[in-house]
Participant: 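Pasting a structure below so you can have a look.
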Protein chains: 2
Amino acid sequence: MRIGQVADELGINTKTIRYYESIELIPAVPRTPAGYRDYTDEDIDRLEFIRTGRRLGLSLDEIRQVLHLRERGEQPCDYVLDVVHRQLRDIDRHIRELAALRDELHRLLDTAHQPSEAPGNPAPRYCRLVEAAS
Amino acid sequence: MRIGQVADELGINTKTIRYYESIELIPAVPRTPAGYRDYTDEDIDRLEFIRTGRRLGLSLDEIRQVLHLRERGEQPCDYVLDVVHRQLRDIDRHIRELAALRDELHRLLDTAHQPSEAPGNPAPRYCRLVEAAS
DNA sequence: GTAGGGGTTCCAGTTGCTGGAAGCTCCAGG
DNA sequence: CCTGGAGCTTCCAGCAACTGGAACCCCTAC
């Protein structure tokens with residue numbers, strides 16, 4: 001199967017697949033006589049695994065670790081569990097930060113409806129919206 | 001004021017300030033006879049403005065737009081309002097996605113407590129945790 | 001024969017910094 | 001006067017994870 005079809009089926013860019021090969025995340029697959037990459041179902045499994053790992057928030061390097069562990073015959077699930085736990089912690093923190101930012105932006109929009117030159121307010125240097133957030 | 005002190009006061013890296021200068025987000029400030037950058041209070045205001053904009057989620061390019069608008073004597077607040085509205089939409093979507101991912105990871109951890117070789121389950125190729133998420 | 005839609009390689013750019021190396025400047029202590 | 005160390009300078013390179021573009025090859029259909 002050629003790279004374009006693989007990309008279509010998995011919903012990845014062909015560039016991405018070649019990139020994964022270039023960083024040796026996937027092995028170099030055999031070529032057709034014309035020099036085209038020729039992928040097997042196993043290659044596609046591997047790519048799908050990578051895609052899922054990415055979707056779960058694993059970095060390419062973490063995915064690489066999992067693949068290496070697997071190649072050495074070890075069970076990578078403990079490692080994955082660690083990563084997933086860490087990931088959950090990061091996500092919770094990220095959500096909290098985003099929510100705080102959202103609230104701040106909402107407050108900012110509220111001030112946008114205030115008169116811009118309330119008595120006693122200094123003239124804004126750049127943009128009173130942004131300066132109000134300092 | 002020299003770059004180190006500015007960096008300390010604003011809580012930015014000196015490298016970052018030089019980087020901003022290199023991409024012409026801030027002007028090149030005058031130098032002392034020894035060649036050291038010498039910052040005025042106005043420069044620091046500008047940097048603080050940038051820092052706040054970044055904290056609000058504006059990209060450096062968006063910040064650049066605001067600064068340019070301001071230099072041309074236009075009121076950038078409408079532009080900033082647009083950016084902030086878009087930003088809010090993006091944040092909400094991002095939070096929703098992260099929450100969905102979090103739930104998925106939680107479900108994943110639940111399956112981690114299931115027996116790994118339930119009858120009828122295919123043997124995992126790489127890691128049953130990740131494969132369960134496909 | 002030629003137009004098109006694939007594929008190939010390699011280089012460079014994206015965003016927002018950050019690290020490191022090699023060298024200059026300044027100031028305080030001995 | 002010398003020396004050490006902190007802070008400054010420049011330039012180069014790298015991070016993550018791709019993505020775009022140029023220039024060229026291959027295959028099929030009309």
Participant: Heavy-atom distance under 4.5 Å between the side chains of B:Arg54 and B:Ile63, does that happen here?
Facilitator: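 Counting from C-beta outward, B:Arg54 and B:Ile63 do come under 4.5 Å.
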Participant: With respect to the phosphate group of C:dC17, does any side-chain polar atom (N or O) of B:Tyr20 fall under 4.0 Å of OP1 or OP2?
Facilitator: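 Affirmative; the distance criterion is met.
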Participant: I'd like to check B:Thr16 versus B:Tyr20 (side-chain heavy atoms, cut-off strictly below 4.5 Å). Are they in contact?
Facilitator: yes
Participant: When the axes are fitted on five pairs at both termini, how much does the helix from C:dG1-D:dC30 to C:dG30-D:dC1 curve, in 10° steps?
Facilitator: 30°
Participant: Would you say C:dC17 has OP1 or OP2 under 4.0 Å from some side-chain N or O of B:Arg54?
Facilitator: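 Yes, B:Arg54 has a side-chain N/O under 4.0 Å of OP1/OP2 on C:dC17.
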Participant: With a 4.0 Å limit, can you tell me whether B:Arg18 has a side-chain N or O closer than that to the phosphate oxygens OP1/OP2 of D:dT9?
Facilitator: yes
Participant: Hey, which sits more toward the 5' end of DNA chain C by its nearest nucleotide, A:Arg37 or B:Ile12?
Facilitator: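 It is A:Arg37, whose closest nucleotide lies nearer the 5' terminus.
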Participant: Should A:Thr40 and A:Val29 count as side-chain neighbours, where that means a heavy-atom distance under 4.5 Å?
Facilitator: no
Participant: Evaluate the side chain to side chain contact (heavy atoms under 4.5 Å, CB included) criterion for residues B:Leu25 and B:Tyr19: first the C-alpha distance (whole Å), next the side-chain angles of each, then the deciding distance (0.1 Å), finally the verdict.
Facilitator: CA-CA 9 Å; B:Leu25 186 59; B:Tyr19 167 70; over 6 Å; no
Participant: With respect to the side chain of A:Ile3, which nucleotide from C:dT9, C:dG7, D:dT9 is positioned closest?
Facilitator: C:dG7
Participant: Checking contacts here: which listed nucleotide (C:dT8, C:dT18, D:dC18) is nearest the side-chain heavy atoms of B:Tyr19?
Facilitator: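 Minimum distance to the B:Tyr19 side chain belongs to C:dT18.
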Participant: Counting C-beta onward and ignoring hydrogens, is there a side-chain heavy-atom pair between B:Ile23 and B:Arg64 closer than 4.5 Å?
Facilitator: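 When only atoms from C-beta onward are counted, B:Arg64 and B:Ile23 do touch, with a gap below 4.5 Å.
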Participant: Is B:Asp38 close to B:Arg2 at the side-chain level, that is, under 4.5 Å between some pair of heavy atoms?
Facilitator: no
Participant: Starting from P on D:dC15, measure out to CG on A:Leu60 and report it in whole angstrom.
Facilitator: 13 Å
Participant: What is the separation between atom CD on A:Gln5 and atom C1' on C:dG5, rounded to the nearest whole Å?
Facilitator: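 Taking atom C1' of C:dG5 as the reference, CD of A:Gln5 is at 15 Å.
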Participant: If the condition is side chain to side chain donor-acceptor pair (under 3.5 Å), which residues does B:Arg37 pass it with, not counting sequence neighbours?
Facilitator: B:Glu21
Participant: Please report the distance, rounded to the nearest Å, between CZ in A:Arg64 and P in D:dC15.
Facilitator: 11 Å
Participant: Between C:dT25, C:dT8, D:dA17, which nucleotide has the shortest distance from any of its atoms to the side chain of A:Ser59?
Facilitator: D:dA17
Participant: Can you tell me the distance, in whole Å, between the CG atom of B:Asp61 and the P atom of C:dC17?
Facilitator: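 Result: 13 Å.
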Participant: Using whole Å, report how far CG of B:Asp38 lies from P of C:dT25.
Facilitator: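 It is 17 Å, rounded to the nearest whole Å.
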Participant: If I take atom CG in residue B:Asn13 and atom P in nucleotide C:dG20, what distance separates them, rounded to the nearest angstrom?
Facilitator: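 To the nearest whole Å, that distance equals 12 Å.
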Participant: Would one find a side-chain N or O of A:Thr16 under 4.0 angstrom from OP1 or OP2 of D:dT19?
Facilitator: yes
Participant: Check this one for me: any side-chain N or O of A:Arg31 less than 4.0 Å away from OP1 or OP2 of C:dT9?
Facilitator: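 Yes, such a contact exists.
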Participant: How close or far is atom P of D:dT9 from atom CD of B:Glu21, stated in whole angstroms?
Facilitator: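 Value for this atom pair: 9 Å.
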Participant: Nearest whole Å is fine: how far is C:dC17 P from B:Ile23 CD1?
Facilitator: 8 Å
Participant: Side chains of B:Ile26 and B:Ile17: does their closest heavy-atom pair fall under 4.5 Å?
Facilitator: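 Yes; the side chains approach each other to less than 4.5 Å.
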Participant: Would you mind telling me which of C:dG6, C:dA21, D:dA22 lies closest to the side-chain atoms of B:Lys15?
Facilitator: C:dA21
